[in-house]
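Order of the sequence lines sets the chain letters (A, B, ...), proteins ahead of strands, with each chain counted from 1.
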Amino acid sequence: DAGVTQSPTHLIKTRGQQVTLRCSPKSGHDTVSWYQQALGQGPQFIFQYYEEEERQRGNFPDRFSGHQFPNYSSELNVNALLLGDSALYLCASSSWTGGASNEKLFFGSGTQLSVL
Amino acid sequence: AQTVTQSQPEMSVQEAETVTLSCTYDTSESNYYLFWYKQPPSRQMILVIRQEAYKQQNATENRFSVNFQKAAKSFSLKISDSQLGDTAMYFCAFTGTASKLTFGTGTRLQVTL
């Protein structure tokens, strides 16, 4: 049983470019959440997708957008990249709890994004 | 808004010894979960232990146990019989009525021979 898979593992972009990160959830999961982990910090919640809709959003600008596909996989898009967007981007999958507290998140190994 | 504070940026412990990592949190919610996650160099967040706020009994998972003090909003992790494989970043995290995790800034644990 494959866990949460993310691609690519590493990515280098320049300021102003756009980037797309991908995530496949653990088998049986229908909800995907994205987190940004800056160097030396804990992960911060970006947003959550269920039934192809954004259900919850953290304090991130509109440059950060996402998508969920019918097979539950998800993409994170970041436009107009800034140096400060350099971070590890983690995807977590779970079963939908109606937006309520969820104790069972499974994480991928992340995509390390470097913006030059 | 919820906050999670880890006041120990780095800790060191000798193999086979016991170490305690500290965490405090702030919330106005009454129903929530608390977690300790381990992040080794592979970067994947691995769940170590979880605690449900409504349970008074402290959670235990093999060599890992917590000291949950709800009134003090404290949630520390005790690692007994430390092993070299325990070397990692450890994050305390909270989830309340919304299904998102709020993390602390982490504690880097080094287990030495």
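Chain B forms more heavy-atom pairs under 4.5 Å with one residue of A:Q6, A:Q44, A:Q48, A:R55 than with any other, namely A:Q48. Of the listed residues (A:S109, A:G58, A:G110, A:G42), the greatest number of heavy-atom pairs within a distance under 4.5 Å of chain B belongs to A:S109. Counting heavy-atom pairs under 4.5 Å between each of A:G40, A:S33, A:G108, A:P43 and chain B puts A:P43 at the top.
For A:Q37, the part sitting under 4.5 Å from any heavy atom of chain B is the side chain, from C-beta outward, and nothing else. For A:Q41, the parts sitting under 4.5 Å from any heavy atom of chain B are the backbone and the side chain alike. Both the backbone and the side chain of B:T105 have a heavy atom closer than 4.5 Å to some heavy atom of chain A. The part of B:Q39 that comes within reach of chain A is its side chain, from C-beta onward, which places non-hydrogen atoms under 4.5 angstrom from that chain. With a 4.5 Å cut-off on non-hydrogen atoms, A:Y35 touches chain B through its side chain but not through its backbone.
In this structure, B:N58 contributes its side chain and B:F68 its backbone to a donor-acceptor pair below 3.5 Å. Not one N or O on the side chain of A:E52 forms a donor-acceptor pair closer than 3.5 Å with the backbone of A:F69. Listed for the B:T87 side chain is a donor-acceptor partner under 3.5 Å among the backbone atoms of B:V111.
Using modelled atom types and a 3.5 Å distance limit, the side chains of A:T20 and A:Q18 yield a donor-acceptor pair.
When ring centroids are compared, A:F47 and A:Y49 come within the 6.0 Å threshold.
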>> Evaluate A:R63 against A:D85 for salt bridge (Lys or Arg N to Asp or Glu O under 4.0 Å), listing each step before the verdict.
In response: CA-CA 10 Å; A:R63 297 186 299 107; A:D85 296 331; 2.8 Å; yes

